[in-house]
Amino acid sequence: MNKFTLVLASFLMACSAVGQQKKLTLEESVLQQNRQFRADKLLGFQWIPGTNQYTYFAEGGKKLMTANTSNNNATELIQLADLNKVLGTDLRSFIGIEWKDATHFLIANGPKFFEYNTQDKTGKLTGTFSDTAENQTYDHGHQNIAFTEKNNLYISDQNNQKITVTNQTNEGIVSGQSIARNEFGIDGGIFWSPNDHFLAFYQKDQSEVADYPLLDINTVPGSLENIKYPMIGQKSEKPSVGIYNLKTQQTVYIKPRGNADDYLTNLAWTPDEKYVLIAELNRAQNDMSLNVYDAQTGAFVRTLLNEKNPNWVEPEHPAFFPNAKSNNFVWHSEKDGFQNLYLYSIDGKLIRQLTKNKFPARQILGANPAGTEVYFMATGDNPTNMLAYKVDMNGKQTQITKDAGVHNVTVSTDGNWFFDDFSNHNTPGKCLMYNKSLKATTLVESPNKYNGYAMGTAEIKTIKAADGTTDLYTRLIKPSDFDPSKKYPVLVYVYGGPHAQMITNSYLDGANLWMYWMAEQGYLVFTVDNRGSDNRGFAFESVIHGQLGNNEIADQMKGVEYLKSLPYVDGNRLAVHGWSFGGFMTTSMMLRKPDVFKVGVAGGPVTDWKLYEVMYGERYMDTPAENPKGFDENCTLNYVKDLKGKLMLIHGTSDDVVVMQHNLNLIKKFVEAEKQVDFFAYPMHKHNVIGKDRVHLMCKVLNYVMENNK
């Protein structure tokens with residue numbers, strides 16, 4: 001039996017999940033949420049409102065535990081079986097509970113919503129919805145539930161009566177759902193006012209947006225599913241904001257102050273419910289105004305601030321009001337090169353720049369009740385970290401979390417306690433409780449769940465970008481039996497696009513577990529976060545504007561140059577794999593740098609930016625009419641004749657993010673150029689192949705790499 005046969009036999013054994021003890025199987029490494037590898041932590045951690053108590057799940061979600069910060073000693077609050085008995089339902093876990101107040105929590109089971117009283121151990125049904133209801137959103141008092149059915153918005157009141165907010169017969173007008181394809185930080189379309197007297201909602205008119213056809217093979221014959229997909233340079237949706245007054249049962253609408261297809265984003269209510277703040281952005285995404293509107297009439301009041309940038313302005317965070325008795329607000333802005341926090345008055349006066357960091361503030365966690373401190377997440381000086389900070393209204397900043405790593409922090413309602421769940425390169429997982437003085441108590445410290453398995457190591461280093469000055473982070477995974485005297489093939493895993501960071505100071509260093517499995521098959525697995533990727537500031541990220549692909553490829557080639565400088569790398573056996581933007585990068589490098597990689601596997605790739613959606617695409621590329629050179633240079637279809645290596649293209653047939661037309665157009669060009677490539681479709685999968693089929697996907701990808709990178 002030759003060496004390749006041995007490797008392939010080992011691979012096939014792993015694919016069937018029959019690997020030897022202490023050896024990861026590919027199935028285990030793909031389905032990496034398996035409990036045996038999950039770090040010990042307080043799952044489902046939540047603060048109980050108005051108290052210093054918290055809850056979390058135990059025994060796989062079958063028990064709800066509670067503890068107090070005074071001693072952190074946990075006791076059982078209720079078992080799932082007892083909750084089901086009280087509610088007359090069949091919940092499978094406590095996942096999804098939401099605390100209403102100090103003694104009541106809410107939980108849903110399919111279309112039924114329940115409330116449980118922890119004091120007298122009783123429960124009641126609070127709402128029943130049809131199978132078509134979606135986006136159920138409680139008001140702040142947890143009395144009314146706003147929800148959508150198809151394209152309209154409704155309210156289920158405390159008596160379970162249905163109130164119609166919109167009644168659009170035109171299915172192209174959609175209310176209460178996300179708009180702008182979830183760009184600009186948008187993740188929903190329903191916004192209760194602080195005291196629940198009003199309900200604001202996004203509405204989009206997508207009547208003029210082109211239909212895009214998807215094939216449903218689950219019917220006989222197959223049937224057509226049309227989705228609305230606004231492509232770059234074509235007709236886009238027209239947004240508005242509705243404000244429904246629960247007392248008068250009337251709705252007023254806010255339209256963009258510029259063109260009808262400009263963007264309305266980052267909606268926020270003032271604490272006094274008098275105003276709604278909306279970040280309005282022109283379609284070119286280079287001119288943003290934060291505007292105030294009257295909640296009663298919908299009338300424009302004033303512009304609070306304006307930001308312009310020739311590359312782009314991208315509002316991602318709504319105005320944050322730290323004090324419930326004041327309309328002063330905190331605004332995220334990248335205008336000085338990094339996301340920082342600024343304090344403004346409702347009159348638009350800049351009171352103070354609260355943070356002046358040379359690293360990005362990523363998320364506001366909350367504020368203390370007095371509104372004198374704001375808590376937020378930021379990378380700190382090392383962009384592979386994610387740390388928690390606080391800043392007072394005078395701009396005094398303090399780091400809360402003490403350890404380097406990637407932290408997930410939750411603040412108690414009184415601002416006196418900080419729950420911290422983190423990991424780093426050397427720490428599989430650790431849960432801490434910080435008090436107001438930032439003294440920490442360890443609640444859980446997870447053992448290494450991979451102990452006893454053959455696991456390689458990851459090296460995190462920096463190299464210089466193609467500009468010769470910028471540092472890029474790299475990750476190189478080596479097998480557990482690494483021998484520096486040998487020559488190893490390399491799989492380069494790439495993403496490379498905006499809003500993503502592959503290398504983090506977390507356990508496994510941001511890598512997928514299958515990469516460590518691949519290393520055990522005798523490979524090195526390499527990644528570099530090129531310019532354009534996340535958490536490095538505006539200059540680093542905006543170098544890609546108008547030319548998606550050029551600088552990213554140049555930086556990836558610097559990664560290849562580094563690899564070839566290593567004595568244990570076989571520079572003639574390099575492979576590359578990526579998905580989505582990483583699929584674009586994989587295809588681009590296989591075609592535009594044809595002598596570098598022997599094999600590539602591109603999943604869900606963008607092949608021609610003219611086919612991608614308006615909101616993301618026009619931010620980074622403008623339109624084909626404005627930037628013909630950029631679109632032409634970075635269109636993979638123009639380089640098919642240069643293919644030398646083996647290339648596999650993969651796509652989900654129901655992909656509604658990167659539509660399959662990208663891959664089909666590319667394949668057509670390969671056929672015309674008489675170039676042989678391989679193609680595999682995942683029927684009825686969307687942009688990502690998920691569930692158990694993902695094991696099949698990774699078997700397909702990694703088998704193709706090993707078979708063709710000999």
Side-chain angles (χ1 to χ4, degrees), residues 210-217 222 224-225 227 229 231-232 492 494-497 548-549 552-553 575-613 617 621 624 631-689 693-694 696-705 707-709:
D211 289 331
Y212 194 90
L214 300 176
L215 173 65
D216 185 347
I217 67 168
L224 175 67
E225 179 192 354
I227 62 170
Y229 194 93
M231 285 187 179
I232 289 177
V492 175
V494 61
Y495 182 79
L548 285 181
E552 299 95 317
I553 292 172
V576 60
H577 166 55
W579 201 274
S580 194
F581 199 102
F584 161 69
M585 290 291 291
T586 297
T587 309
S588 297
M589 289 191 287
M590 289 295 294
L591 298 177
R592 297 175 66 177
K593 303 291 180 182
D595 296 311
V596 174
F597 296 101
K598 198 167 186 177
V599 55
V601 183
V606 172
T607 64
D608 181 353
W609 286 105
K610 291 192 297 292
L611 300 178
Y612 200 58
E613 52 97 340
M621 288 293 285
F631 279 87
D632 188 60
E633 270 189 16
N634 294 286
C635 177
T636 64
L637 279 63
N638 294 332
Y639 303 95
V640 293
K641 63 179 175 47
D642 298 320
L643 178 67
K644 292 183 179 179
K646 293 285 290 183
L647 176 62
M648 172 173 277
L649 303 169
I650 301 176
H651 224 105
T653 65
S654 296
D655 195 332
D656 56 358
V657 176
V658 180
V659 294
M660 201 165 71
Q661 186 175 355
H662 283 272
N663 247 335
L664 296 180
N665 282 1
L666 183 60
I667 292 168
K668 184 174 185 293
K669 287 290 185 181
F670 279 125
V671 173
E672 292 170 355
E674 300 181 349
K675 289 285 186 178
Q676 293 291 332
V677 295
D678 295 294
F679 176 70
F680 196 88
Y682 279 89
M684 300 307 297
H685 277 281
K686 293 193 174 185
H687 190 47
N688 290 302
V689 178
D693 291 353
R694 192 162 186 83
H696 186 282
L697 166 69
M698 293 315 303
C699 274
K700 174 69 64 178
V701 170
L702 300 181
N703 195 21
Y704 191 85
V705 168
E707 285 179 351
N708 292 287
N709 196 30

Is any side-chain heavy atom of [Y] closer than 4.5 Å to one of [X]?
X    : Y    : result
N708 : K598 : no
K644 : D595 : yes
N665 : D608 : no
M590 : T587 : no
E707 : K646 : no
V701 : H577 : yes
V606 : L611 : no
N663 : P605 : yes

Over all atoms of both residues, closest heavy-atom pair of [X] and [Y]:
X    : Y    : answer
E613 : I232 : O-CG1, 3.6 Å
L591 : D642 : O-CB, 3.5 Å
K610 : M231 : O-CB, 4.0 Å
D216 : M684 : OD1-CE, 3.5 Å
L214 : D655 : CD2-O, 3.9 Å
T653 : M660 : CA-SD, 3.9 Å

### Task
Classify the ring geometry between F581 and Y495 as parallel (under 30°), tilted (30 to 60°) or perpendicular (over 60°).
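F581 and Y495: tilted rings.
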### Message
Would you call the rings of Y229 and Y612 parallel, tilted or perpendicular, taking 30° and 60° as the class edges?
### Response
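Correct class here is perpendicular.
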### Query
Between D678 and Y704, does any side-chain donor sit less than 3.5 Å from a side-chain acceptor?
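D678 vs Y704: donor-acceptor pair found between side chains.
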Under the 3.5 angstrom rule, does the side chain of [X] hit a backbone N or O of [Y] as a donor-acceptor pair?
X    : Y    : result
T586 : G600 : no
E672 : K669 : no
N638 : E633 : no
W579 : H687 : yes
H651 : V658 : yes

### Query
For the residue pair H662 and F584, is the inter-centroid distance of their aromatic rings smaller than 6.0 Å?
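Between F584 and H662, which both carry aromatic rings, the centre distance is not below 6.0 Å.
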Nearest-0.5 Å distance that lies between atom [atom1] in [X] and atom [atom2] in [Y]:
X    : Y    : atom1 : atom2 : answer
Y639 : L666 : OH    : CG    : 13.0 Å
M589 : E552 : CE    : CD    : 10.0 Å
E225 : S654 : CD    : OG    : 6.5 Å
H685 : L697 : NE2   : CG    : 9.0 Å
T607 : I667 : OG1   : CD1   : 9.5 Å
R592 : I553 : CZ    : CD1   : 4.0 Å

### Task
Please indicate whether K675 has more than 12 foreign heavy atoms, meaning atoms of other residues, nucleotides or ligands, lying under 6.0 Å from its NZ.
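Yes.
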